[in-house]
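These notes are about the structure you will find just below.
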Protein chains: 2
Amino acid sequence: MSAEANMEKAKSIKTLTAIQSEVESSNKIALSVDCVIFGFDENKLKVLLIRSDLKKYLGKWSLLGDLVRPDEDLDTSAYRILKQRTGLNDVYLEQVHTFGTVNRHPAGRVVTVTYCSLINVQHHKLNILDNELHWHDIKNVTDLAFDHQQIFDNCYQRLQKRIQEHPLGFNLLPKKFSLRELQNLYEAILDTKMDRRNFRKKFFSMDFLIDIDEMEQDVPHRPGKLYKFNYEKYEKKKKKWIGIDF
Amino acid sequence: MSAEANMEKAKSIKTLTAIQSEVESSNKIALSVDCVIFGFDENKLKVLLIRSDLKKYLGKWSLLGDLVRPDEDLDTSAYRILKQRTGLNDVYLEQVHTFGTVNRHPAGRVVTVTYCSLINVQHHKLNILDNELHWHDIKNVTDLAFDHQQIFDNCYQRLQKRIQEHPLGFNLLPKKFSLRELQNLYEAILDTKMDRRNFRKKFFSMDFLIDIDEMEQDVPHRPGKLYKFNYEKYEKKKKKWIGIDF
DNA sequence: GAATTAATGTGTTAATTTTACACATTAATT
DNA sequence: AATTAATGTGTAAAATTAACACATTAATTC
């Protein structure tokens, strides 16, 4: 390689000290977090949306988001937003993808990091009395503000994939649940019908269900047994599996 | 809910117009892209690293990264960086995760979006003559600058997972390859030994291999048949699978 | 060039996992 | 007491994965 070529190369590869000065310059970008919050109610998978008040998207619904503060970890930011909107902090929350096309936001360049959360609708009803917030049946989620439709689709597909690898669904159910409720949830998320016997077999073989020796109450049919999720056992088993962010 | 409570709520839930003004304010963060570039050479999985010239990390190795430009899509930025470092642009490139703890970078608040790429070392030897760049055996990758060790570990684990779901490995091999080379690659990535017969059976049943009716040349043993990867067929099949970012 | 060596190339069987499928049981309702 | 609609369970077939051994080829050695 010629000296000229090396010079050329040296120019094209930015050094870290160069980056350092750039960091201090105005070479910055607004960064936001958007949360796709799934719930499960009336046997339907729901997503929590907020009404957009931006002129361009007046009347449209959008995801729950906010700018990341300069002194705030990314994950912390996601938890803050979730907390602000739902009052909840002890939930499954996972980073999904970062969206950063130049013109995705009408207010200027905003890169957004998406997080996904699964919460129990029944336990947090009080937090969504606000008119601006609403649980939407995911079947009716279309035409969101900004690129939020794309973000939602991405998260939903990811949820469909991950629920088949990990028993995340428990986060959407009450502490005590019947196997029928569990199956309804899976059928709603995956948009498919499953064989009841094979479904039960599969979950029992996973060995994450604790038989609490209680029955459903006030159901208009033969009550089913109630179970709790064995988080402890799950956490132990997770460590033995291969993967990143269990 | 009382009027006061509603006021309180209105304050805590930031409106989009509020965000708009914030976007224009100084509430911005430096955003970078870091690329974890995997290669395969001498039957070893390698990762391309650059020598850090930041005082704090003098002598340490780091990932290839650069700040995202305000007028540049995130993906575009990743491709630009890859192109700058390797001269390559037509490769598999995938966003992995975004790292954003406050103190991850000594130069200030820098949130970084990680991308992962698989390239063919043989085809791009010329681009890494630069002393500052080096292919590291992944077994010897420890103690990188910044939080790059964590980022690398994350990408490597993800690669291990994804290679089992998708035949990404072809991107690391020359256009023509033998089944032994392919298996060596998988064994290097997954750090395991596999049964040769089952491995071959599996790949043939996938039906992504084109028999080009050529044999290995200049090997010190019985030459094996050479194959090409059927990208077209793979692309077609991808569409039928469930998932996000195939 | 014959013998040796070290790799390629192939098929079957067992084990495991997944799928398909039917009937007895229970408790609420009529 | 009879009816209804759900829960709860087991088995057989099918598909997938795992284990395993020997003949073949061409380069190398003698």
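Every value quoted in this text rests on a predicted model; they were computed, and no experiment measured them. All values below were derived from every heavy atom in this structure, side-chain atoms included, with hydrogens, water molecules and symmetry-related copies excluded.
Using a 4.0 Å cut-off between charged side-chain N and carboxylate O, B:R180 and B:E216 make no salt bridge.
Of all the heavy atoms in A:F208 and A:K237, the pair that sits closest is CZ-CD, 3.7 Å.
Each of B:K193, B:R196, B:K44 was scored for a salt bridge (Lys or Arg N to Asp or Glu O under 4.0 Å) with B:E187, with one residue passing: B:K193.
Rounded to a whole Å, the NE2 atom of B:H221 is 12 Å from the P atom of C:dA6. Rounded to a whole Å, the CZ atom of A:R200 is 14 Å from the P atom of D:dA6. Distance B:F199 CZ to C:dT10 C1': 16 Å, rounded to the nearest Å. Per the geometry, CE belonging to A:M215 stands 6 Å off P belonging to C:dA27, to the nearest Å. One can place CD of B:E181 at 12 Å from P of C:dG9, the figure rounded to the nearest angstrom.
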With sugar-phosphate taken as primed atoms, P, OP1 and OP2 and all else as base, the protein-contact string of nucleotides 18-25 of chain C at under 4.0 Å (heavy atoms; B, S, -) is -BBBB--B
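Remark: side-chain polar atoms of B:D137 are paired, donor with acceptor, to backbone N or O of B:K139 under 3.5 angstrom. Proximity of a side-chain donor or acceptor of B:Y186 to a complementary backbone N or O of B:T192 within less than 3.5 Å is not detected.
Side-chain atoms of B:E235 and B:Y231 form no donor-acceptor pair, as typed in the model, at a separation below 3.5 Å.
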